[in-house]
Trainee: 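Below you will find the structure I want to go over with you.
Below, all heavy atoms of this structure are taken into account, side chains as well, without hydrogens, waters or symmetry copies. Counting starts at 1 for both ligands and their atoms, following the listed order.
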Amino acid sequence: MTRNFPEGFVWGVAAASYQIEGGATEGGRGPSIWDTFSHTPGKVVGGDTGDVACDHYHRWESDLDLMAELGFQNYRLSIAWPRVMADGKTLNKEGLDFYDRLVDGMLARGINPLATLYHWDLPQALDQGGSYGWLDRTVADHFAEFARVVGERLGDRLSAVTTLNEPWCSAYLGYGSGEHAPGLTDNSLCYPVAHHLNLAHGKAVQALRSVLPATTGVSVTLNIHQLEAASDSAEDLAATQHLDLVANRIWLDPMLKGGYPAELLETTSHLTDWSFIKDGDEADIHQPIDFLGVNYYNPQRIAAPTPGQVTFPGTDKAASIGYGPEVETTIMGWPIVPSGLTDLLVRLHNDYGVPLQVTENGISSEELLDPQAVADAAADDSTVAVHDTQRVNYLRDHLGALLDAIDKGVDVNGYYAWSVMDNFEWAWGYAKRFGIIHVDFPTQSRHPKDSAFFYSDVIKANALAV
Ligand code: FCB
């Protein structure tokens, strides 16, 4: 049986600047907080950095050729703020020229660009002298100016501009758990940072609207956590509701409904007094967007923490306790639960009524390529097969889950696989491979995995064989 996708469904692949570009000191690029963090011993597995990454900065033309060959019609890239403005404030023309060529290169190959402005590479210059980046609210104004500059130059050729990618990670992993740059570990800092990120989003949307043609959309991408209480006990239900406020509604409500929920302010009052919200901020944050980008990998089972248990970043009132052995996991240990995607899309549709696109979905798998096979096949890449069966199944099942949401009346009209190629997976470095195209990092050769061919066929048919 085949299940069809709606006509005009947006099919794409995704990646982010620091994860693939390399060229860290070239073309006038300044350092970002991720350069500093990855170069700090002990922060990234194997001491890996994004200095070279996939060398996409130099290989972008052949990378785009490969995407076009595979029939990928949309590419969600991110634009590195420190490449466009080395100090976060002053235009570096050479950096913006790079993205200008990249965008033209995509269009020449029939690939539509969806550009994210902030995929975590904050210019290091905006995190200095104890200001710690997003703790300083003026960063929101600098971000809006960056958005305006990019929108003015590239906006006529982008399908849409996304302000932020997963601000939850920036706030809670960057300032609460310390797993991400800048690596601070104080739960109370997550809240002013979250507010300044919300403000940056709202101000950037306003700046973008002033320069973009009406045909270019504006969006934000959130990793809304699909939460499930571990039991029906009052404690677990309360922990789940608390986390929904802290991890989800902290973004959704101000961006889409016009203000923070009163319960959020109450449930976090032991950590912060929210005095960083100034008059007019909530109105600034509440800007119409054309669609909400949703990144989904897996759901979480939430319980009230027992004494000494590790709690969810940013809070001491909820813990993620994982699933039992009956649920298959990926090598990240992430449970594979496709119905979680359906439930999440239905919830967002019902509660917020905004058009949706899935802007990330995928898995990390083992290194499946024998280095000898790569060496032998140098002259003929197509002879190298990478059998990533778990990923093919994951993509098929999650595309089915997306169709289930459409059947339930959800307005979701796009899907971007994460990631177009193996890359620098943040704190995991190159140890975790999320690509549908394999990258052999020593030689930088690319080999599409089975999942890339599977995905290519789905796109061609605009349908899923089940
Ligand atoms: C998301 C990030 C993306 C990638 C995937 C695996 O949280 O947006 O850059 O790391 O996870």
Trainee: Hey, which residues fall under 4.0 Å of ligand 1 on heavy atoms?
Mentor: Q19, H119, W120, N165, E166, Y297, E360, W418, E425, W426, F434
Trainee: Can you tell whether the side chains of D290 and R209 come within less than 4.0 Å, N to carboxylate O?
Mentor: yes
Trainee: Hey, is K257 close enough to D253 for a salt bridge, meaning N to O under 4.0 Å?
Mentor: no
Trainee: State which residues pass side-chain contact (heavy atoms from CB on, under 4.5 Å) with A303; sequence neighbours excluded, sorted by chain then number.
Mentor: A230, D236, I321
Trainee: Picking from I111, I436, I459, what satisfies side chain to side chain contact (heavy atoms under 4.5 Å, CB included) with V13?
Mentor: I436
Trainee: On the 0 to 90° scale, with breaks at 30° and 60°, tag the F434-W334 ring pair as parallel, tilted or perpendicular.
Mentor: tilted
Trainee: Let me know which of D51, D35, D121 forms a salt bridge (Lys or Arg N to Asp or Glu O under 4.0 Å) with R29.
Mentor: D35
